[in-house]
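Okay, structure first, notes after.
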2 protein chains.
Amino acid sequence: MTTVRVLLADDEHLIRGALAALLALEDDLAVVAEAATGPEALAMARAHRPDVAVLDLEMPGADGVSVATSLRTELPGCRTMIVTSHGLPGHLKRALAAGVRAFVPKTVSARQLAGIIRTVHAGNRYVDPELAADAISAGDSPLTARETEVLELAADGAPVAEIAERASLSQGTVRNYLSAAASKLGAENRHAAVRLARQRGWV
Amino acid sequence: MTTVRVLLADDEHLIRGALAALLALEDDLAVVAEAATGPEALAMARAHRPDVAVLDLEMPGADGVSVATSLRTELPGCRTMIVTSHGLPGHLKRALAAGVRAFVPKTVSARQLAGIIRTVHAGNRYVDPELAADAISAGDSPLTARETEVLELAADGAPVAEIAERASLSQGTVRNYLSAAASKLGAENRHAAVRLARQRGWV
DNA sequence: CACTGCTCATGACAAACGTCATGTGAGGAG
DNA sequence: CTCCTCACATGACGTTTGTCATGAGCAGTG
């Protein structure tokens, strides 16, 4: 029996510590490194070369997906998986596109997580069935690249003039994109559109 | 030595289970009940009458603060504490106003948490120093009750007409409140105001 | 090559919005 | 009792929007 070397990255010390303790109970798993931020996770991974990196999606510095992207090129032998509280369909897609092998919500039990780590280590993938269903039913973003960009700039409630300036577009164009985005999303106005797009992980 | 009977409520199974395991290592603490939702937490508390209820702030059904409020009247002997990922000043204030004895971020370690549970059980209070500093520097909400109410209704990007209807106010009045709220918060428009108020936990 | 879809623009109009002046009534503070 | 604040309202004003028509340049596809 081989021992799986695991890197644990989560900014919540409470969870990270508790998780490490629980995984330590599994005698084929060994937590060889822990990290509380994105950059720290990268550094620890370089130093300890784990078999599997368990990454929280929301971390200070760099989120789980970008850490996974970096790891993919730097340590091809290291499988990555994402654990998260907020299972947005868009996040799942981004994660899979970044080569992440598993995407699980924090609502699973530690025992299940251990099983998933083994699955991933064996070279297989795992996606939470419910999240997968959501992602499939949610579908792809209907927004074009510019529409998405403009919508993001509108996300903090900025007026059109400011968005236009920051995007180097004319105000009329910005209004057109915003209008198109809102109608594609079935929203009454851009602010509601922002909310919807966020919910679906499209921004 | 008395044993402290603890109720653990958190919708993230991973965390709840891990936490229960870690707290079980402390021989003066006993996790007598677990819950994944607000209503479930209430039911479990009634059934098991714990000494201390450790409540996650964000749970389906009812959030930690409202559970704490209910517990305060139903089980006066049960001390409550809030654990959360997002330490917004406003949440801290609401929690303390609801009679919560401790407010801690999930970035603490399990050992620290155990200590805090003991502190709370002994009748003392605990507030994370950093959160406390934030809360003090952030100050109170400058908004009146109605301003807050209207701002909340505006939170999902609804047009003024809809807000007016839902608040049973005239559109002009709604605009006035929204305008007042935005200027008090130093925001350019109501949407930015919503964002700011959220950041500070005032909505 | 024609066709389609994305990008970017302009101009125009109606609706929604922000702001201000102004007024009434209720309730607390002095 | 008076003063002040808050809640609520109206009407009016200019500005910011959403929406639509229209058009040009530029990619990719059949």
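Please read all numbers here as calculations on a predicted model, not as lab measurements. Order of the sequence lines fixes the chain letters, A, B, ..., with proteins taken first and strands second; residue numbering starts at 1 for each chain. Note that these values count all heavy atoms, side chains included, but never hydrogens, waters or copies made by symmetry.
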Any side-chain N or O of [X] less than 4.0 Å from the OP1 or OP2 oxygen of [N]?
X	N	result
B/T144	D/dA7	yes
A/S170	C/dA9	yes
A/R190	D/dG18	yes

Quick check for you: among [options], whose closest atom lies nearest to any side-chain atom of [X]?
X	options	result
B/L169	D/dT17, D/dA7, D/dA9	D/dA9
A/Y177	C/dC17, C/dT19, C/dC8	C/dC8
A/R175	D/dA9, C/dT19, D/dG18	D/dG18
B/T173	D/dT10, D/dA7, C/dC17	D/dT10

inquiry  = Which residue is it: A/T84, A/L113, A/V83, A/L57? I am looking for the one with a side-chain contact (heavy atoms from CB on, under 4.5 Å) to A/K106.
reply    = A/V83
Can you measure [X] atom [atom1] to [N] atom [atom2] for me and round it to whole angstrom units?
X	N	atom1	atom2	answer
A/N176	C/dA9	CG	C1'	8 Å
A/H191	C/dA16	NE2	P	14 Å
A/L153	D/dT17	CG	P	14 Å
B/Q171	D/dA7	CD	P	20 Å

inquiry  = Pair B/D63, B/S66 - check side-chain hydrogen bond (donor to acceptor under 3.5 Å, both in side chains), show working.
reply    = CA-CA 6 Å; B/D63 74 6; B/S66 60; 3.1 Å; yes
ask   = Across the strands shown, which category fits B/L178 at heavy-atom distances under 4.0 angstrom: base, sugar-phosphate, nothing?
value =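 Counting heavy atoms under 4.0 Å across all strands, no contact is made by B/L178.
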